Peer 1: 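Got a structure here, written out as structure tokens. Questions coming.
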Amino acid sequence: MLKLLDFSLRLSVIPLSVATIWLTVTSKQDNSMYGDLKYSNLTGLKYMVFISGICASYAFIAAVCTCIRCIVTKTWLFFVSDQIVAYLMVTSGAAVVEILYLAYNGDREVTWSEACTSYGKFCYRLKVAVILHALAFSCFVILAVISAYRAFSIFEPPLAPSKEVGEDRA
């Protein structure tokens, strides 16, 4: 059952990450007053595209590896890799959420006005991309829990101290 859930989640991450990349890369909008805005103008968006690419590639490779028995026995490799990818997704998602927050609200202290009234289509597409990225991240959180369970279930639980040992110490 865990193997099927693991495989399904890894396969689910691939289209979510690819859709995130496509929405982000194709997001652009022209404004006669302020000029052209596209994803390559913002470093945080490029970072999210890069991390989404890593995420989709890793999910594909890991899904293939779950079908091959000899690599699946490397539970620690999956545990560490799932953790790293999940943390990278947190950082890239946070970067884009910050960009969207500034685009919607601006920053009065540094006199940045909000930009989403002028670039509504661009902001909407990025919002959808962040939602897809968050869904892929939630899949990786579940995958990280599954891989942690697999990695730590190979160990015996610690023994409770017996009464005899406690009496010897007293």
Side-chain angles (χ1 to χ4, degrees), residues 1-30 36-105 114-153:
M1 168 104 172
L2 275 181
K3 186 175 180 179
L4 180 63
L5 179 62
D6 182 277
F7 186 72
S8 299
L9 285 171
R10 292 187 193 282
L11 286 182
S12 299
V13 166
I14 297 168
L16 290 170
S17 295
V18 170
T20 299
I21 293 169
W22 179 78
L23 274 171
T24 306
V25 170
T26 59
S27 292
K28 61 182 175 182
Q29 188 171 357
D30 294 327
D36 187 28
L37 181 61
K38 51 189 171 185
Y39 97 99
S40 60
N41 295 13
L42 302 164
T43 306
L45 297 180
K46 290 191 275 186
Y47 180 60
M48 186 176 75
V49 166
F50 179 71
I51 296 302
S52 292
I54 288 173
C55 177
S57 302
Y58 169 70
F60 177 75
I61 291 168
V64 170
C65 289
T66 56
C67 295
I68 302 172
R69 282 259 184 225
C70 64
I71 299 176
V72 172
T73 59
K74 311 274 189 225
T75 56
W76 285 99
L77 178 66
F78 283 119
F79 172 66
V80 171
S81 301
D82 289 345
Q83 296 290 319
I84 289 171
V85 171
Y87 290 134
L88 287 172
M89 292 183 76
V90 167
T91 61
S92 64
V96 176
V97 167
E98 180 183 13
I99 290 170
L100 278 174
Y101 176 81
L102 289 173
Y104 275 101
N105 299 318
E114 55 89 22
C116 285
T117 54
S118 301
Y119 297 100
K121 178 183 166 194
F122 184 83
C123 291
Y124 176 76
R125 289 176 65 91
L126 288 186
K127 197 185 323 183
V128 173
V130 167
I131 291 169
L132 293 173
H133 192 70
L135 289 172
F137 168 69
S138 63
C139 289
F140 263 104
V141 168
I142 297 168
L143 286 168
V145 170
I146 291 171
S147 63
Y149 173 77
R150 284 184 180 156
F152 293 110
S153 66

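The model shown is predicted, which means the values in this text are computed figures rather than measured ones. All values below come from the heavy atoms of this structure, side chains included, with hydrogens, waters and symmetry mates left out.
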Peer 1: Counting C-beta onward and ignoring hydrogens, is there a side-chain heavy-atom pair between Leu143 and Val85 closer than 4.5 Å?
Peer 2: no
Peer 1: Ignoring hydrogens and angles, tell me if any N or O in the side chain of Ser52 forms a donor-acceptor pair with the backbone of Val49 under 3.5 Å.
Peer 2: no
Peer 1: Is any side-chain heavy atom of Lys28 less than 4.5 Å from a side-chain heavy atom of Tyr39?
Peer 2: no
Peer 1: What is the distance from atom CZ of Phe122 to atom CG of Leu100, rounded to the nearest 0.5 Å?
Peer 2: 8.5 Å
Peer 1: Atom CG in Leu9, atom CG in Leu4: separation rounded to 0.5 Å?
Peer 2: 9.5 Å
Peer 1: Between Val13 and Cys55, does the side-chain contact (heavy atoms from CB on, under 4.5 Å) criterion hold? Intermediate values first, please.
Peer 2: CA-CA 8 Å; Val13 166; Cys55 177; 3.3 Å; yes
Peer 1: Enter the distance from Thr20:OG1 to Leu135:CG here, rounded to the nearest 0.5 Å.
Peer 2: 8.5 Å
Peer 1: Rounded to the nearest 0.5 Å, what separation is found between the CZ atom of Phe140 and the CG atom of Leu88?
Peer 2: 10.0 Å
Peer 1: Counting C-beta onward and ignoring hydrogens, is there a side-chain heavy-atom pair between Arg10 and Asp82 closer than 4.5 Å?
Peer 2: yes
Peer 1: Would you compute the distance between atom CD1 of Ile21 and atom CZ of Phe50 and round it to the nearest 0.5 angstrom?
Peer 2: 10.5 Å
Peer 1: Could you tell me which non-hydrogen atom of Ala56 sits nearest to which non-hydrogen atom of Ser17, and how far apart they are?
Peer 2: CB-CB, 3.7 Å
Peer 1: Does a side-chain N-to-carboxylate-O contact under 4.0 Å join Lys121 and Asp30?
Peer 2: no
Peer 1: Less than 4.5 Å apart, side chain to side chain, heavy atoms only: is that true for Thr24 and His133?
Peer 2: no
Peer 1: Is the shortest heavy-atom distance from the side chain of Tyr47 to the side chain of Thr91 under 4.5 Å?
Peer 2: yes
Peer 1: In the structure I gave you, are the side-chain heavy atoms of Ile51 and Ile54 within less than 4.5 Å of one another anywhere?
Peer 2: yes
Peer 1: Show the numbers, then the answer: is there a side-chain contact (heavy atoms from CB on, under 4.5 Å) between Ser81 and Leu77?
Peer 2: CA-CA 6 Å; Ser81 301; Leu77 178 66; 4.1 Å; yes
Peer 1: To the closest 0.5 Å, what do you measure between CD (Gln29) and NZ (Lys38)?
Peer 2: 14.0 Å
Peer 1: Quick one: are Trp22 and Arg125 in side-chain contact, heavy atoms under 4.5 Å?
Peer 2: yes
Peer 1: Using a 6.0 Å cut-off, check whether atom OH of Tyr104 has over 12 heavy atoms from anything other than its own residue.
Peer 2: yes
Peer 1: Checking Arg150 against Phe78 for the side-chain contact (heavy atoms from CB on, under 4.5 Å) test, could you report, in this order, the C-alpha distance in whole Å, the side-chain angles of both residues, the deciding distance, and whether it holds?
Peer 2: CA-CA 9 Å; Arg150 284 184 180 156; Phe78 283 119; 5.9 Å; no
